[in-house]
Amino acid sequence: MFHNTLCNAVIVASTLLGLLSSTAFGLGSTCSSPLTQGSAAASDPFWMQNIAHQGLAAFNSNPSGYKVFRNVKDYGAKGDGSTDDTAAINAAISDGGRCGQGCDSTTTQPALVYFPPGSYKVSSPLITLYQTQLIGDARTPPTLLAASSWSGIALIDADPYLAGGAQDYVNQNNFFRSVRNFVIDLRAVAGGATGIHWQVSQATSLINIVFQMSTAAGNQHQGIFMENGSGGFLGDLVFNGGNIGATFGNQQFTVRNVTFNNANTAINAIWNWGWTFQRVTINNCQIGFDLTQGSTSNTGAQGVGAEAIIDAVVTNTPTFILSSAPSSGHLQGSIVLNNIQLTNVPIAVGVAGGATVLAGGTTHIDSWAQGNVYHGTSQSATFTQGNIASISKASVLLDSTGRIVSKSHPQYTGYAPGDFVSVRSHGAKGDGHTDDTAAIQSILAQYAGCKIIFFDAGTYIVSNTITIPAGTQVVGEVWSQVVGTGSQFTDYNNPRPVIQVGTAGSTGTVEITDMIFTTRGPAAGAIIVEWNVHDPSGQQAAAGAWDTHLIIGGTAQSSLQRTQCPTSGSGGNNCFADFLGLHLTSGASAYLEGMWVWLADHDLDSGGSTQISLWSGRGILSESQGPVWLIGTASEHHINYQYFLKGAANHYIGLAQTETPYFQPNPVPPSPFITNTAYDPTTLNTGNAWALTVQSSQNILVFGAGFYSFFSNYNTACQSSQNCQNQIVNIDSSSTIGIYSLTTVDTTWQLSVNNQGVINRSLNPNGFADTVSAWTRN
Ligand SMILES: *[C@@H]1O[C@H](CO)[C@@H](O)[C@H](O)[C@H]1NC(C)=O
Ligand SMILES: *[C@@H]1O[C@H](CO)[C@@H](O)[C@H](O)[C@H]1NC(C)=O
Ligand SMILES: *[C@@H]1O[C@H](CO)[C@@H](O)[C@H](O)[C@H]1NC(C)=O
């Protein structure tokens, strides 16, 4: 279960500066004819269909022959609503000898499988192999139409079961997948049918999908079936009909903007350690959330550990939440509700077959919790099933309706191929060895703000800082990689950014999607992304990134795999992977959705998930005054901290997921780095990394966290006594801070103030993990 992790790494660098620095206001300040709107005609397909397809898999065994982009129609799919397209679509996915059964994982076989508009009949599962994106035309989303003869686990299957229960991929290591822009229609199936089997982990997303299911009494349709994994983000989904909208079981997940209409049960939660649901809409269902599965003891099957629900709207539904009967000292089934509008919902929270815990009606729930609530430095838990103090949210984080800002992954549906400029067409090679620094700098200098900058799939090596000026839109292709390497990035006494997003004081739009930023080792002095841009006044979330990750080490391009860096430590200084992952500077704002800042704990290309020992000094540092939205982010295996808020303000973070390095406390932080006062907290943790440390900050809202420690010096024996780590979250005298739905694993003190343990895990058992429903300080 704690196998997780991944990775890869490299970075980029270069110094465009001077030229394009801090002057940008919105699009276009750096070019003569700014791109202010797209030029697609009404009858045009989505730009992705006809843009030049020049992506390459630089580390594939056959880079010149391997196709990254596949249009299912080129493989014989008809999309005519009657031909069975199953085999053709599976041929499009699997072309090129890709990573299926027995492969485990890969970083050398990315595929983008594209569906033009149409209705594609499917009679058995479409097997999405590792490192695959399935993308429909975003202007006219294609339909995947279940044949009346349908049989199989789901129309889209992200982790097939084999005979005997084995699976193609380890559920906690099932990375790098996305499905976007589809209608999935199950209505022709008289019996049971499921839309998507989504058993996945980090760096995965489901975006813009409508599930059409039966509304007949007794129907057996289900939109999503997810029973395991360590995800992940999903959002902008609509479920119409069905017996169950979505079955959700996974360690942790972040959900934003999902709507359920006319299902029996909208969400059937089967187990978790912690989930965050932002902006769920439920109309005309029988039950909103069914949380009754699993045990309420600490020894039975894991039930639903923690649900954090914010900004939900529920209408004409008899029961919003149906739960078990939790109590202090057992599986608490932590629930935190904030800003919930009920209209004709008689029961807000009810125990199955028993009492109403919270009456509904037509009413508004401000802030309510079930579970243990703490305040300040008090060590005593108050088991609560009732209203809690209003959750404090900085107004800059909220939209005009008073909800946390929500912004979908930009897909540029109004734009035509001519609105994009390909970096490969303009001199960058992306072949994994050519130094593309000058080419990328020159493309940005010429086109930033005038065209959308398209990084064709590939591995772009840079030897100096690359500045992406305010006003730029960057689009990758199945996670195009920009990799910083070389002498500019090796000195940890003089750390430098690989990617610099804007410069100090810059304001404007920045949108980055489907990219990976990383290093090639050794890179002890690399700050992989330094983010400086702030939203223009009145344009919330204009500066953001979606489905963009920092995958550091573990990948074929990284020179940080098992041959170089085995767990014996014999790789020495060559195993420094980066100094710091992401730095949000004080002038920045940021909307980051679905971002994984991962220092690889294992090799992704060796099969068998072989562990490796790499060193990343720090994960995410924010000094931003906000607004900052970190929606569905994770930061894992960095030495000093995963998240550090330093003099920061006005942040919404939900859900945040971390893991401590497996080798700690051998050596203890900051070793093998040294402390750097500009980037490190006043006090490092003793022995292990901080998952979250907050210093001199204010107006911080963490709404869902999963902070895990599974190892001590690579040994899991500490799990039996649940003390792999002593402290994990530290807060100094920061003010107006609330941490809700905080789940930790195998950590003695769940939260400390000024380095003194406050919350003793023994009071908060919640199945496998331990959960605090609320901790606040004014
Ligand atoms: C996967 O989920 C099922 C259903 O919750 C559970 O019984 C099984 O143990 C899980 N398997 C793993 C490998 O976590
Ligand atoms: C929510 O998702 C729907 C369906 O994809 C989309 O139309 C809508 O714009 C999204 N709303 C927000 C606030 O993200
Ligand atoms: C946590 O509480 C338990 C039960 O009261 C106690 O035995 C244990 O010593 C406490 N842990 C620490 C580190 O104080």
Side-chain angles (χ1 to χ4, degrees), residues 46 135-142 178-184 195 205-212 223-224 233-240 245-246 254-261 277-283 298 310-313 328-329 339 341 372 374 377-381 383 397-414 511 513 539-542 544 546-547 591 593-594 629 631-632 652 685-688 709 718 721-729 744 746-753 755-765 770 772:
F46 186 37
I135 302 186
D137 182 307
R139 290 166 69 87
T140 312
S178 186
V179 178
R180 306 176 191 165
N181 315 324
F182 288 97
V183 175
I184 298 183
S205 62
L206 296 176
I207 300 170
N208 191 30
I209 300 169
V210 176
F211 297 86
Q212 299 289 17
I224 295 174
F233 171 82
L234 56 84
D236 303 324
L237 310 184
V238 178
F239 301 79
N240 293 317
T254 302
V255 174
R256 180 186 57 69
N257 184 34
V258 294
T259 297
F260 298 87
N261 301 311
F277 292 88
Q278 180 188 343
R279 247 180 227 251
V280 177
T281 302
I282 297 170
N283 298 311
N298 288 315
I310 190 166
D311 298 338
V313 178
S328 179
N339 187 30
Q341 182 62 49
N372 283 341
Y374 290 80
T377 53
S378 167
Q379 299 201 353
S380 50
F383 181 76
L397 298 169
L398 307 179
D399 67 12
S400 59
T401 69
R403 295 185 279 182
I404 300 292
V405 166
S406 168
K407 183 171 173 183
S408 308
H409 178 129
Q411 296 203 70
Y412 308 106
T413 53
E511 293 172 348
T513 51
Q539 295 181 41
Q540 288 176 302
W546 294 258
D547 288 282
Y591 181 100
E593 179 169 286
W629 300 269
I631 296 177
Y652 170 82
N685 201 353
T686 48
N688 299 92
S709 193
C718 53
S721 47
Q722 294 175 276
N723 67 346
C724 295
Q725 172 158 353
N726 191 39
Q727 302 184 64
I728 198 158
V729 174
T744 63
D746 295 335
T747 301
T748 305
W749 294 105
Q750 296 187 263
L751 182 140
S752 305
V753 173
N755 313 301
Q756 298 299 308
V758 171
I759 301 182
N760 180 331
R761 62 150 291 278
S762 70
L763 298 175
N764 304 311
D770 306 301
V772 176

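Each ligand, and each atom within it, is numbered from 1 in the order the structure gives.
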Q: Please identify which atoms of ligand 2 are closer than 4.0 Å to at least one heavy atom of R256.
A: 14 (O)

Q: Just jot down the salt bridge (charged side-chain N to carboxylate O under 4.0 Å, His left out) partners of R761, sequence neighbours excluded, or say none.
A: D770

Q | Where ligand 2 meets D236 - atom numbers and elements under 4.0 angstrom, heavy-atom basis | A | 1 (C), 2 (O), 5 (O), 10 (C), 14 (O)

Q) Quick one: ring pair (Phe, Tyr, Trp, His ring centres under 6.0 Å) partners of F182, sequence neighbours excluded? A) F115

Q) Is W546 reaching over with its side chain to a backbone N or O of K407, donor-acceptor style, under 3.5 angstrom? A) yes

Q | For N257, the ligand 2 atoms whose distance to one of its heavy atoms is below 4.0 Å | A | 1 (C), 2 (O), 3 (C), 8 (C), 10 (C), 11 (N), 12 (C), 14 (O)

Q) Does D399 use its side chain to pair, donor to acceptor, with the backbone of S406 at less than 3.5 Å? A) no

(Q) Quick check for you: to the nearest 0.5 Å, what is the distance between W749 atom CH2 and N760 atom CG? (A) 5.0 Å

Q | Donor-acceptor contact below 3.5 Å, side chain N372 vs main chain L763 | A | yes

Q | Within the protein, residues bringing a heavy atom under 4.0 Å of ligand 3, chain by chain | A | T748, W749, N760, S762

Q.
Under a 3.5 Å distance rule, please check whether N685 uses its side chain to pair with a backbone N or O of Q727 as donor and acceptor.
A. yes

**Q.** For S408, atoms of ligand 2 separated by under 4.0 Å from a heavy atom
**A.** 14 (O)

Q: May I ask you to list the atoms of ligand 2 that are less than 4.0 angstrom from any heavy atom of N208?
A: 5 (O)

Q. Can you name the residues that form a side chain to side chain contact (heavy atoms under 4.5 Å, CB included) with S408, not counting sequence neighbours?
A. D236, R256

**Q.** K407, portion touching ligand 2 at heavy-atom distance under 4.0 Å
**A.** neither

Q: Please identify which atoms of ligand 2 are closer than 4.0 Å to at least one heavy atom of R279.
A: 13 (C)

Q.
Just verifying a value: how many Å separate Q722 CD and T744 OG1, rounded to the nearest 0.5 Å?
A. 9.5 Å

